[in-house]
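Throughout, protein chains are lettered first and strands after them, A, B, ... in sequence-line order, and every chain is numbered starting at 1.
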2 protein chains.
Amino acid sequence: MAKNDHNQTLHDPLDALLGYQLRRASSVMMADLSAALRETGLRPVEASIMLVIESSPGCTQSDVGRLLAIKRANMVPLIAGLFKRDLVYRAPVDGRSQALFLSPAGEAMAREAHSAIDRHEQRFQALFEDADVSKLLAALRQIRTLG
Amino acid sequence: MAKNDHNQTLHDPLDALLGYQLRRASSVMMADLSAALRETGLRPVEASIMLVIESSPGCTQSDVGRLLAIKRANMVPLIAGLFKRDLVYRAPVDGRSQALFLSPAGEAMAREAHSAIDRHEQRFQALFEDADVSKLLAALRQIRTLG
DNA sequence: TATTGTTATACTCTATAACTATA
DNA sequence: TATAGTTATAGAGTATAACAATA
């Protein structure tokens, strides 16, 4: 409930909409994550790519794109940016794919990213009991199944 | 859990991150909402603006922007687009603001939007018990308070 | 001084189509 | 034929700065 300059009460007709609340909550968390990662120089999408490569060394950029729902075409400048900063390196798998690995600098950067992400996640998860966080995550995974 | 072409197991290191699951779930629902609204010719953001004007006739475009977290500068082409389609009309409040109202065509369009949104919401809310939908909405509102 | 509506602009994100080389 | 990586490009979405008119 809010009021405008002319004393008109503005109530939010979207308040009970799952899609709307999801979008607004997601936008709040994304902004906080951006801020948390600021000092690392990584954007959220770059940090997520680094963590995927860290957990699956040798995966291809198409693999990463499929996992994170990023189109192949959009992966190109993202991986190129990480490569140019010497955070990842590539090794040929076959004539068309290249395996991705974190460089030593990339490993260090991944540790910084983990630390920033953990602090950021903790800030929000602290709003809930542990069991409720699990239920929330389960609900969000359920929603994703309809995509 | 997924496998790539070279039998490498790809597990998702972001699976337990609230921010990530929120973003992915939100993106699934937004895509579904876009599709649900397609035949009305409204984009999600336009539909949400229409519903706010419907529920608070006479509000200004700055009011709408504040409620929906849309910057004043970005409201201009949105309201102009609805105005050009004769879905909303404006009446001067004072020298600088104009009150917004739905035209008869806008009221009809709002009913179509409600119907499409209801079907879309039902598709997702049907994944859960009613009490769990309420808990989910409450959790998302909690997350928004940290923004 | 602060606010409304506006213009101009830029940057990010996402999407598509088309090409090459390889499998 | 299908896939990996790439280029080019277009469309959203979002952000800031600045201005005129008004409160």
Enquirer: Specify the separation, in whole Å, of atom CD1 of A:I49 and atom C1' of C:dC13.
Expert: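 Distance, rounded to whole Å: 13 Å.
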Enquirer: Using a strict heavy-atom distance below 4.0 Å, which residues from residues 70-81 of chain A are in contact with DNA chain D?
Expert: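 Only A:R72, A:A73, A:V76 qualify.
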Enquirer: Quick check: do B:I70 and B:V64 have side-chain heavy atoms less than 4.5 Å from each other?
Expert: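 Not in contact.
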Enquirer: Given B:R23 and A:M29, is the side chain to side chain contact (heavy atoms under 4.5 Å, CB included) satisfied, shown in steps?
Expert: CA-CA 9 Å; B:R23 177 156 172 358; A:M29 284 201 73; over 6 Å; no
Enquirer: Would you mind reading off the distance between A:R24 atom CZ and D:dG13 atom P, rounded to a whole angstrom?
Expert: 15 Å
Enquirer: From CG of B:L82 over to C1' of C:dG5, roughly how many Å is that when rounded to an integer?
Expert: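 Result: 16 Å.
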Enquirer: What's the CG-C1' distance between B:L100 and C:dT4, to the nearest Å?
Expert: 12 Å
Enquirer: Round to a whole Å and report the spacing from CD of B:Q61 to P of C:dT3.
Expert: 16 Å
Enquirer: Is there a chain of hydrophobic side chains (I, L, V, M, F, W, Y, each step under 4.5 Å between heavy atoms) that links B:L136 to B:L22?
Expert: yes
Enquirer: Looking only at side-chain N and O atoms, does A:R43 come under 4.0 Å of OP1 or OP2 in C:dC13?
Expert: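 Looking at the OP1 and OP2 atoms of C:dC13, one of them is under 4.0 Å from a side-chain N or O of A:R43.
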Enquirer: Whole-Å distance between D:dT22 P and B:R96 CZ?
Expert: 11 Å
Enquirer: A:L146 versus B:F124: any side-chain heavy-atom pair under 4.5 Å?
Expert: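 A:L146 reaches B:F124 side chain to side chain.
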Enquirer: Let me spell it out: for each of B:D63 and A:V45, pick the nucleotide of DNA chain C with the closest heavy atom. Which residue's pick is nearer the 5' end?
Expert: B:D63
Enquirer: Kindly say if B:S62 contacts the phosphate of C:dG5, meaning a side-chain N or O under 4.0 Å from OP1 or OP2.
Expert: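 Answer is yes, contact under 4.0 Å.
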Enquirer: Taking the cut-offs as 6.0 angstrom to the six-membered ring centre and 45 degrees off its axis, would you call B:R90 and B:F83 a cation-pi pair?
Expert: yes
Enquirer: Whole Å only: how far is the CG atom of A:D94 from the P atom of D:dA2?
Expert: 18 Å
Enquirer: I'd like to know if A:R141 and B:D15 make a salt bridge, using a cut-off of under 4.0 Å between side-chain N and carboxylate O.
Expert: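 Here A:R141 pairs with B:D15 in a salt bridge, since their nearest N and O are under 4.0 Å apart.
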Enquirer: Looking at A:E54 and A:R111, is any side-chain nitrogen of the basic one under 4.0 Å from a carboxylate oxygen of the acidic one?
Expert: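 No, A:R111 and A:E54 are not salt-bridged.
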Enquirer: Output the rounded distance in Å from CD (B:Q98) to C1' (C:dT3).
Expert: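 About 15 Å, once rounded to whole Å.
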Enquirer: If the cut-off is 4.0 Å, is B:R66 near the phosphate of C:dT3, judged by side-chain N/O to OP1 or OP2?
Expert: no
